[in-house]
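Below is one structure, written out as structure tokens; the observations come after it.
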Amino acid sequence: MATDLSRIRNIGISAHIDSGKTTLTERILFYTAKIHAIHEVRGKDGVGATMDSMDLERERGITIQSAATYCTWDDNQINIIDTPGHVDFTIEVERALRVLDGAILVLCGVAGVQSQSITVDRQMRRYNVPRLAFVNKLDRQGANPYRVAGQLREKLKLNAVMVQIPIGAEEKLEGVIDLVGMKAFYFEGDMGKTILEKEIPADYAEKAAEYREKLLDAVSMFDDELAMLFLEGQDVPEELLKRVIRKATIARDLCPVFCGTAYKNKGVQKLLDGVIDYLPSPLDVNFAGLDIDEDEAKVTMTSDPNKPFVGLAFKLQDGKYGQLTYMRVYQGTLKKGDFIINSRDRRKVKVGRLVRMHSDQMEDIDESSCGDIVAMFGIDCNSGDTFCDPSIRYSMTSMFVPDPVISYMITTKDSSSANNLTKAIQRFSREDPTFRVSADPETGETIVAGMGELHLEVYIERMRREYGVPVETSPPRVAYRETVNKRADFNYTHKKQTGGSGQYGRVAGFMEAGEPGTQYEFVDDITGGSIPREFISACDKGFKSMVEKGMLIGVPVTGVRVTINDGSSHAVDSSDIAFQEAARGAWRDAYKRSAPVILEPIMKVEVEGPAEFTGNIISTVNQRRGMIIGSTEEDGFARIEADVPLAEMFGYSMVLRSATQGKAEFSMEFARYERVPNNVAEDLIAKYEKEKAAR
């Protein structure tokens, strides 16, 4: 175990799907001698990449779960999390970036900045994660790292600066030129393991000098000494240049750009050098949290092994030995046999078994220190829980969890499998916060919701394989929403007289559209005590209970603000229940007059394929109520960006394949909610009424 914290790097590898993340990770593990043979993502040997340990990952050739591993490079310990590229598994990227200190943003040298590259960059910004960019696949036809670096500046607004340029291009790619040390590097021998350092080839001297100048110009903004040397035309020492690049990268003011091809084994070792040289160690980062015992006062944690222990459980996974809890240690030291507390519920637990992960393999360890990413067995907790030394009670800030956009109704005809289905659902919803499960309140049927078709298909297939449950699914259901379209006043009295004391409550006010992005907002504007203070929360509770199910098609209501400004009560007959019922009646009365409308999820869709199929691609989008946002064409390669309703995207992959001879691919992610057209709304309402009548 590394004790020198300055020699630890916690990094993630993130990118758009099929940019080569897992292939890059495989090469990193090989060159650091963590593995002794390279297996490809879609390898003919049937083994599959080391980090794709799940059968489904190997069959589909994609990463579904983030996987943790560690390796050593030049006496530095690197903890790595390889994350999925598909947007359906975006929670895996969220939780990885939440606990990492730095990241490598991998980009395809041909496609450049793609839709998921933009999403990943946004996630890195959310957690203030410094990053390096690695332009991969430079052996492919049409690869252009200079164009990709320009896209990083234009599309992602990063201060992207090339610290390397390639020697050769496409199939003639030979190596890279390091613009910091001004040397050429070639990767020879078995799997590129032999690195040859040479002088820069004469025919690249001018280009190297040009990009070295650009590098110095960009970096001179962050250091006066370097700026002075640069302006006076003097040589800038390599160590000074590295130090300033590191400082600017950690401050997220600079994004160094590296080049290579992981598949053809060129440039990976120099990227590892860049990870050590430019990405932060745990000592370079301070971590914010809340002290629960001090009214949630903000506290700053530092990577000090002698301070009380603080760790964040960021990922849960069920294995053959029980629940595996992945944890980032932020402060202090954690030892086998220690007692720690869960800050959320104050429960004390004993650390029975502590392991370090290498994909699905594990190595038992006796202790871990701040900066480590480890796993524990037998700890009952939720994803996002903070664990502490019993002497303190800190809570780390939680990760962002997006809302699901699609749902299936699932059933199993085999009654003996119902118990296993329950176990599978409980496990998957604990492991993945974006996999939500609920019961239809009227039919009692089980509904699973997630981030996309692929997301839910993977979990349904896992139910079949891992739990032997013959699951049947209904057609996909879109996560529609309802909202109000205009202000509607209400003045409603709930009066009920039975034997003994009755129920009385009157509420008055209005309902209107709320702030964008909010679901429900309650405004108390009562003056003069027309509604006693003790019943205000009952009014709020009553209104809030109605948000769960709108009156048009029975879906949740969003973007609504309810204000109460008058009312009355009775000395004997008023109660919490009476005012809750009054609020519900007021809602029903006002909602009908608020011109309610149905909202549907709009997806940002990006389609990429040969330019000769541009017309066909646009046609497939237009047929799906899509709106073309942009279209670019470069080197015979077209990219079309569009906004398309999710309801129209089911089965799109088959249509796209047939329209482009299987040569185009697409990705999509949730963008926003928008009002559905009137004819679609009428169909949805008619369908809902028909289903309601059939129950």
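Residue indices begin at 1 and follow the sequence shown.
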query: Should the ring pair Y330 and F287 be called parallel, tilted or perpendicular, given that the plane angle runs from 0 to 90° and is split at 30 and 60?
result: perpendicular

query: Parallel, tilted or perpendicular: which fits the ring planes of F435 and Y459, with parallel below 30° and perpendicular above 60°?
result: tilted

message: Less than 6.0 angstrom from the centroid, inside 45 degrees of the normal: does K604 satisfy that with respect to the ring of F670?
response: no

message: Distance to the ring centre below 6.0 angstrom and angle to the axis at most 45 degrees; does that hold for R356 and Y70?
response: yes

Under-4.0 Å salt bridge between [X] and [Y]:
X	Y	value
E600	R481	no
R427	E466	yes
R672	D643	yes
R98	E94	no
E472	R464	no
D291	K298	no

Check: [Y] main-chain N/O paired with [X] side-chain donor or acceptor under 3.5 Å:
X	Y	answer
D432	S429	no
S303	P282	yes
S343	Y394	yes
R624	E648	yes
N342	R344	yes
S417	V469	no
R131	A103	no
R436	P433	yes

- request: Decide salt bridge (charged side-chain N to carboxylate O under 4.0 Å, His left out) for E482 and K549; before the verdict, give the C-alpha distance in whole Å, the side-chain angles of both, and the deciding distance to 0.1 Å.
  value: CA-CA 9 Å; E482 295 181 27; K549 191 172 182 182; over 6 Å; no

message: Applying side chain to side chain donor-acceptor pair (under 3.5 Å) to Q114 and E606, what does each step give before you reach the verdict?
response: CA-CA 8 Å; Q114 298 168 275; E606 190 173 281; 4.9 Å; no

message: Please determine whether side-chain contact (heavy atoms from CB on, under 4.5 Å) holds for the pair R347 and D380, giving the CA-CA distance in whole Å, both sets of side-chain angles, and the decisive distance to 0.1 Å.
response: CA-CA 10 Å; R347 282 202 304 182; D380 184 29; 3.1 Å; yes

- prompt: Roughly how far, to the nearest 0.5 Å, is CG of L354 from CG of D366?
  reply: 8.5 Å

Residues that T411 engages under side chain to side chain donor-acceptor pair (under 3.5 Å), provided they are two or more places apart: none

- prompt: Is the shortest heavy-atom distance from the side chain of L552 to the side chain of Y688 under 4.5 Å?
  reply: no

side-chain contact (heavy atoms from CB on, under 4.5 Å) partner of I11, the single match among N79, V129, I104, L132: I104

